[in-house]
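What follows is a short report on a single structure.
Note that ligands are numbered from 1 as they come in the structure, with each ligand's atoms numbered from 1 the same way. Since the structure is predicted, the reported quantities are computational estimates derived from the model, not experimental observations.
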Amino acid sequence: MLRYTLLILLATLVITASAVEKKGKIEVPLRFDRYYNYDDVVEALKVLHNAFPKLTTLEEIGKSEEGRGIFALTINNPETGDALSKPGVYVDGNIHGNEIQAGEVCLYYANMLLTKYGENEKITKAVDKNAHYIVPVVNVDGRYHFFADGNTPHSNRGLRVPKDDDHDGLFDEDPYDDLDGDGSICQMRIKDPNGMYKSDPEDKRIMVRVKPGEKGEYTLLGSEGIDNDGDGRMNEDGEGYLDPNRNWGYNWMPNYIQRGAGNFPLSGTGIKAVNTFLTKHPNIIIGFAFHNAGGMWLRVPSEKSIEIPSSDVAAYDIIGNNAIKITPGYVYMPSYDLYPTYGDSDSHMFFIHGAYSFVGELFMSSQETYKSGKESGKESRTERNRERLKFNDKVAQGELYKEWKPFNHPVYGEIEIGGWIKMSSRIPHTFMLPELVHRNASVVLLADEQTPDLSIEVFDVKNIGKNLSQVRVRIKNNKGISSMTAQAFKDKLYSKDALKVTGAKVIAGGKLTDFRLNKVNYKENKPEIQFFAMPGNSKVEYQFLIEGKGEVKFEYNSRKAKNVSTSVKL
Ligand SMILES: [Ca+2]
Ligand SMILES: [Ca+2]
Ligand SMILES: [Ca+2]
Ligand SMILES: [Ca+2]
Ligand SMILES: [Zn+2]
């Protein structure tokens, strides 16, 4: 009997595994017709690093609550300069444990840069120009448990910090129970002539509410589970909940305002580790955090009362307005338009680390279609469910939905279990994954292209007598993103970008507002150093009156853009 049960169990495991996770040796180029569990992600990063040792650095930047490593892959071509000297692009994913395809977007981005370097001109440029910092999985415990445990598409988001949700003195004592052992937490229903639900006449799998006076067929019992602690409630205290995307430092608010905030900012050990990593890479000028779902590009601010400078909005718009064309159907908006959040990573990136930050909400369930081009118009919830089930049946070969099956529940007796599996609803079926990862990685590539690209030249030198020279310098930013966010400049977040003159005594210096009319805003003190940022697609001219002869150097230093310099012999 035991052997028989084991065999059945084994067979079930094999079937579910083959349905969603295609195992196999992990090789370069990586495959994207599969999802990588936590161990696979680590292996994939190692394989990439081993295949491209010159272009990559792989480091464990910290550990999670359960001691799993959080890995960052840095892609940089040392022949074009140190990573820290270049505009940094940071990409992370899967901060919410269930949002797994975010990790695949990061892996795809890394795989694309490395395997197409030297083959594709645009990608070669991006590798040579930028330092790329990639953390595919922030919530490593979350990813591990999403694959390993029974889950719904929406469960297992937070950090593994125990919390007593129902205040009974026990912590995480009554999670969902994967009763049928298929890896998903589905729904339970029981036959009941007095129930409030019946089968949809068109698709018996869909439960619809009975109309007044109508006879019912079923009572819905909620998600798979039992009352583990015997307190009369089911599934009332699952894992966590500490929301890793409400645990960051900027505008953090305690739990009574922001659910999931944690006891203090950066209390999540992995969150703190990622923040330390960001601090060690002050050259990061743009950041992407990938999530699911809904099809959105979100930018700061995440609360309506916070305003950011219009020039920063303009920089965001250059990426955002193009991103929505690369990912059709996505919308671009400030994140407060969705709902206000406190202590999110994107605000932390922008206000604390001075980087333009985007949230990419991957995947639209509306792409799960089963209709001809002619059919359109608003559908009811039930109509939409019918279509999604047809999509499951005819396009996904039944792999996204578990048919209702009898189960003997320890408390309720004969029930049925069925519904959408954990790899559905917010995550594309693997046949749709390649397009999703490619389009979204292309948005990051678009951002790479727009990171600042500065040039400097001396365009006019005149001897004006008394051992004095008048020197005019022009600096250009040839790309759309500023060398420093206007917000960081305003907040004095760090030492401002500056033009420095060395090699001779500078008597006067300032911004040339009109070189034809010789109009200059001279700076009163220390004219040899001029503080200013270089906005996207901009040009500025400065004039210096310099005493003496010799080689004079003009150097524009920026924390996030690549420094540029030129010199002139007087
Ligand atoms: Ca409890
Ligand atoms: Ca199950
Ligand atoms: Ca309970
Ligand atoms: Ca309890
Ligand atoms: Zn998320």
(Q) With a cut-off of 3.0 Å, does Asp166 put an N/O/S atom close enough to the Ca ion (ligand 1)? (A) yes
Next item on the list: Indicate if the distance from the Ca ion (ligand 1) to the nearest N, O or S atom of Gly169 falls below 3.0 Å.
Entry: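 Not a single backbone or side-chain N, O or S atom of Gly169 is under 3.0 Å from the Ca ion (ligand 1).
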Assess, by modelled atom type and distance only, whether the side chains of [X] and [Y] contain a donor and an acceptor separated by less than 3.5 Å.
| X | Y | result |
| --- | --- | --- |
| Ser267 | Asn247 | yes |
| Asp344 | Ser302 | yes |
| Asp312 | Tyr356 | yes |
| Asn235 | Ser223 | no |
| His96 | Asp243 | yes |
| Asn283 | Tyr133 | yes |

### His353 vs Thr279 side-chain heavy atoms within contact, under 4.5 Å
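Result yes, sub-4.5 Å side-chain heavy-atom pair found.
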Atom name of the N, O or S atom in [X] that lies nearest to the Ca ion (ligand 4):
| X | result |
| --- | --- |
| Glu236 | OE2 |
| Asp231 | OD2 |
| Asp229 | OD2 |
| Asp168 | OD2 |
| Glu173 | OE2 |

Answer key: the N, O or S atom of Asp227 nearest to the Ca ion (ligand 3) is OD1
The atom name of the N, O or S atom in Asp164 nearest to the Ca ion (ligand 1) is OD1
Hey, is there an N, O or S on Asp237 sitting under 3.0 Å from the Ca ion (ligand 4)? no
- Query: Hey, is there an N, O or S on Asp174 sitting under 3.0 Å from the Ca ion (ligand 4)?
  - Reply: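 So Asp174 does not bind the Ca ion (ligand 4) by this criterion.
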Short N/O/S contact of Gly230 with the Ca ion (ligand 3) (below 3.0 Å):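 No, outside the cut-off.
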Give the ring-plane orientation class for Tyr330 versus Trp297, where under 30° counts as parallel, over 60° as perpendicular and anything between as tilted.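 Ring orientation, 0 to 90° scale: tilted.
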